[in-house]
Each structure stands twice: as structure tokens, then as C-alpha cells.
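Here the structure comes first, spelled out in C-alpha cells, and everything after it is commentary.
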2 protein chains.
Amino acid sequence: MGVPLYQAKAELFKTLGHPARIRILELLSERDHAVHELLEQIEIEPSNLSQQLAVLRRTSMVSSHRVGSEVVYSVSIPEVRDLLLAARTILSGLIAVQGELGTELASTPS
Amino acid sequence: MGVPLYQAKAELFKTLGHPARIRILELLSERDHAVHELLEQIEIEPSNLSQQLAVLRRTSMVSSHRVGSEVVYSVSIPEVRDLLLAARTILSGLIAVQGELGTELASTPS
DNA sequence: ACACAACTTGCAAACTTCTTCAACTCGTGT
DNA sequence: ACACGAGTTGAAGAAGTTTGCAAGTTGTGT
């Protein structure tokens with residue numbers, strides 16, 4: 001007997017409910033990245049990034065392997081992309097209706 | 001200038017990151033419900049339900065209108081359904097791999 | 001063997017979210 | 001006008017999350 005499904009869903013969404021984790025997943029869904037490459041793109045302390053990566057690892061959303069002195073991360077659930085895209089669609093809808101943040105959406109690719 | 005997109009996404013997911021709110025959205029995406037109907041389906045104190053509904057209202061995910069003495073809620077962003085479905089798909093994948101919670105998924109409809 | 005870069009871990013302080021209680025509003029029926 | 005059912009609101013304590021610091025690994029080059 002496991003956790004009820006609605007609770008598992010809530011936990012999945014909770015995992016996505018953090019700006020740094022969203023950025024990590026967006027970067028990783030383009031291609032694999034080493035931690036220091038993520039660090040260049042995301043404004044955050046190394047230890048904080050590590051913590052956020054740990055959260056994503058715990059929920060099996062990403063996996064890591066060592067390559068020499070680097071640790072490379074990849075998305076292990078490709079469907080996460082769908083979730084991010086659906087979110088984007090909803091946000092464009094909201095923005096169209098409420099009229100805010102318009103240019104942001106039009107110009108950035110993800 | 002508005003909030004960066006990745007932050008808006010994080011907030012959207014954060015809103016979904018609560019079991020009661022997931023259940024509310026699942027029930028409302030079947031059909032509109034009055035608050036006391038939701039209360040019958042979800043094990044939660046009335047005031048707590050009200051708080052969770054308020055969170056969903058603030059983010060424009062649901063809207064409410066009075067009908068006599070009842071307050072009826074409906075989903076105002078139909079695409080939320082896609083998000084819930086995508087979550088379900090991901091969860092089945094995870095469960096298939098990690099072998100847990102299997103029967104739960106097979107038998108319940110949402 | 002040593003220094004250095006690349007990460008991770010443990011932990012405490014700051015902050016946010018959740019839950020419940022008591023008090024309140026608003027409509028319906030009497 | 002009154003009582004009652006249906007919901008909402010405010011506030012406060014408990015619980016959970018986030019952040020950054022200092023300390024610890026592990027691999028590479030010298």
C-alpha cells in the first residue's frame with residue numbers, strides 16, 4: 001500500500017515549485033550540464049545549487065554521474081518537459097487575460 | 001517589467017503543491033462543485049478548505065459565484081487538466097520503474 | 001605528497017506555509 | 001426579527017523550506 005495518488009502528485013508539483021529547480025530542469029532538458037555549467041547560468045551559491053540538485057535527485061527527476069573531476073547531471077524523466085511546456089501555456093493564457101509581463105513571454109524561449 | 005518567467009512557473013507549481021488543492025482541482029475539473037460538496041469528498045476542516053480555495057482563487061485557477069446560499073466553484077483555467085494528466089503520466093512511469101504503489105494507480109480514476 | 005578545482009554535506013537562522021480556533025458575513029426560511 | 005446553514009477571515013503556533021557558512025570529499029595535475 002502506498003501514498004495516495006493525489007499526494008504523490010502534490011509532491012511532484014512541490015518539487016517543481018522553486019525557481020532554481022525550474023531553471024535547472026530547463027537547462028537540463030536542452031542538454032546535460034556539469035554542475036559548474038549550471039552555476040554559470042543560475043545566480044545561486046554552489047552549496048545552494050547542490051541542495052536543489054539533491055532535491056531533484058531524491059525525486060528521481062535527474063541523475064548524475066561523474067566524468068573526471070566534473071559531475072554531470074541529466075534529466076531522467078523526459079516527460080518533465082511536458083509539464084514545463086504546459087505551465088508555459090497556462091502562463092501565457094493568464095498573462096493574456098490579466099495583461100502583465102507580456103514582453104517577457106514573447107521574447108524568451110523558455 | 002514583470003516577474004521572470006521561471007519564477008512565475010515556480011509559483012504556478014507551488015500552488016499545485018498541496019494534496020487538498022490537487023483534490024479540489026480534480027473534483028472541479030469533473031464538474032462545478034459547491035463548497036459543501038467538496039467538503040464531503042475531501043477530509044479537511046471547513047476553514048482549511050476555504051483557505052485552500054482562497055489560494056486557488058488568488059492565482060486565478062478557480063472562480064466562485066454565489067447560488068442562493070451556496071458558493072459554487074469552477075475551474076477557470078481548463079489547461080490545468082493537462083498539468084494534472086501530465087503529472088499522472090510521470091507518476092506511472094516512476095512507479096513502473098521503482099515498483100511501488102502499483103495497485104493504487106491501476107484502480108483509481110484520477 | 002600537495003595544492004587546487006569541483007562538488008557535497010551538516011547545520012542553524014530566516015522565512016514561508018499549513019492548520020486550527022474563534023469570530024464574522026450573508027442568504028433562507030419561519 | 002431571529003435562528004440556522006453555508007462560507008470566509010484573521011490570527012497564532014506548529015511544521016516545513018530555503019539559504020549560506022564552514023567543513024569535508026574526490027579527482028587531476030605537478
Side-chain angles (χ1 to χ4, degrees), chain A residues 3-4 6-25 27-28 31-76, chain B residues 3-4 6-25 27-28 31-76:
Chain A
V3 169
Y6 59 83
Q7 198 170 322
K9 276 186 203 166
E11 255 145 48
L12 173 58
F13 287 125
K14 213 180 278 174
T15 303
L16 295 171
H18 188 289
R21 294 197 293 265
I22 293 287
R23 299 222 52 205
I24 292 168
L25 290 170
L27 290 167
L28 293 185
R31 61 168 180 82
D32 294 3
H33 282 72
V35 176
H36 70 270
E37 293 176 314
L38 294 173
L39 216 37
E40 273 162 25
Q41 306 294 314
I42 307 175
E43 277 242 327
I44 198 182
E45 297 271 310
S47 68
N48 193 351
L49 178 56
S50 235
Q51 298 280 0
Q52 304 311 329
L53 287 169
V55 171
L56 293 172
R57 252 186 289 125
R58 252 176 257 134
T59 56
S60 311
M61 283 191 166
V62 305
S63 60
S64 64
H65 62 280
R66 235 198 156 92
V67 177
S69 63
E70 303 182 337
V71 176
V72 174
Y73 277 82
S74 16
V75 171
S76 38
Chain B
V3 168
Y6 60 83
Q7 198 171 324
K9 276 186 203 166
E11 254 144 50
L12 174 58
F13 287 125
K14 213 180 278 175
T15 303
L16 295 171
H18 189 289
R21 294 197 291 266
I22 293 288
R23 300 223 52 205
I24 292 168
L25 290 170
L27 290 167
L28 293 185
R31 61 169 179 80
D32 293 3
H33 283 71
V35 175
H36 69 271
E37 293 176 315
L38 294 172
L39 216 37
E40 273 161 25
Q41 306 294 314
I42 306 174
E43 277 241 328
I44 201 183
E45 298 268 311
S47 67
N48 194 351
L49 178 56
S50 235
Q51 298 280 2
Q52 305 310 330
L53 287 169
V55 172
L56 294 172
R57 252 186 289 124
R58 252 177 257 135
T59 57
S60 311
M61 285 192 165
V62 304
S63 60
S64 64
H65 62 280
R66 235 199 158 91
V67 177
S69 63
E70 303 182 338
V71 176
V72 174
Y73 276 83
S74 16
V75 172
S76 39

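Letters A, B, ... mirror the listed sequences (proteins, then strands); counts begin at 1.
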- Task: Please list, by residue number, the residues of residues 67-75 of chain B whose heavy atoms come closer than 4.0 Å to an atom of DNA chain D; answer none if no residue qualifies.
- Result: B:Ser69, B:Glu70, B:Val71, B:Tyr73
- Task: Please step through side-chain contact (heavy atoms from CB on, under 4.5 Å) for the pair A:Leu16 and B:Leu12, ending with a clear verdict.
- Result: CA-CA 9 Å; A:Leu16 295 171; B:Leu12 174 58; over 6 Å; no
- Footprint ends on DNA chain D, 5' to 3', for atoms under 4.0 angstrom from a heavy atom of chain A, come out as D:dT18 to D:dT28
- Separation between CE (A:Met61) and CD1 (A:Ile24), nearest 0.5 Å, reads 11.5 Å
- Message: Show the nearest heavy-atom pair for residues A:Pro19 and B:Tyr6, with the distance to one decimal.
- Response: CB-CD1, 3.8 Å
Can you list, pair by pair, the side-chain donor-acceptor contacts under 3.5 Å of residues 63-74 of chain B, counting residues two or more places apart and other chains?
| unit_1 | atom_1 | unit_2 | atom_2 | d |
| --- | --- | --- | --- | --- |
| B:Arg66 | NE | B:Gly68 | O | 3.3 |
| B:Glu70 | OE2 | B:His36 | NE2 | 3.3 |
| B:Tyr73 | OH | B:Arg57 | NE | 3.1 |
| B:Tyr73 | OH | B:Arg57 | NH2 | 3.4 |

- Item | Rounded (10°) bend between the five-pair end axes of the helix from C:dA1-D:dT30 to C:dT30-D:dA1 | 20°
- Query: Out of A:Leu38, A:Ile42, A:Leu28, which residue meets the side-chain contact (heavy atoms from CB on, under 4.5 Å) rule with A:Arg23?
  - Reply: A:Ile42
- Task: Please work out which residues in residues 31-42 of chain A have a non-hydrogen atom less than 4.0 Å from an atom of DNA chain D and list them by number.
- Result: none
- Message: Applying side chain to side chain contact (heavy atoms under 4.5 Å, CB included), can you list everything that pairs with B:Gln41, at least two apart in sequence or on another chain?
- Response: B:Leu27
- Task: Please round to the nearest 0.5 Å and tell me the distance separating atom CD of B:Gln7 and atom NE2 of A:His18.
- Result: 9.5 Å
Distances under 3.5 Å between nitrogen or oxygen atoms of protein and nucleotides 21-26 of chain C:
| unit_1 | atom_1 | unit_2 | atom_2 | d |
| --- | --- | --- | --- | --- |
| C:dC21 | N4 | B:Ser47 | OG | 3.0 |

- Query: Among residues 12-24 of chain A, which contact DNA chain D at a heavy-atom distance under 4.0 Å?
  - Reply: A:His18, A:Arg21
- Item | Any donor-acceptor N/O pair, B:Glu37 side chain to B:Ala34 backbone, under 3.5 Å | yes
- Might you point out which heavy atoms bring A:Ser60 and A:Ser76 nearest each other, and give the distance in Å? O-OG, 2.8 Å
- Can you list every pair that meets side-chain hydrogen bond (donor to acceptor under 3.5 Å, both in side chains) and has a residue in residues 44-55 of chain A, with sequence neighbours left out? A:Arg21-A:Gln52, A:Asn48-A:Gln52
- Can you tell me how far NE2 of A:His33 sits from CD of A:Glu40, rounded to the nearest 0.5 angstrom? 9.0 Å
- Who are the side chain to side chain contact (heavy atoms under 4.5 Å, CB included) partners of A:Leu39, not counting sequence neighbours? A:Ile44, A:Pro46, A:Leu49
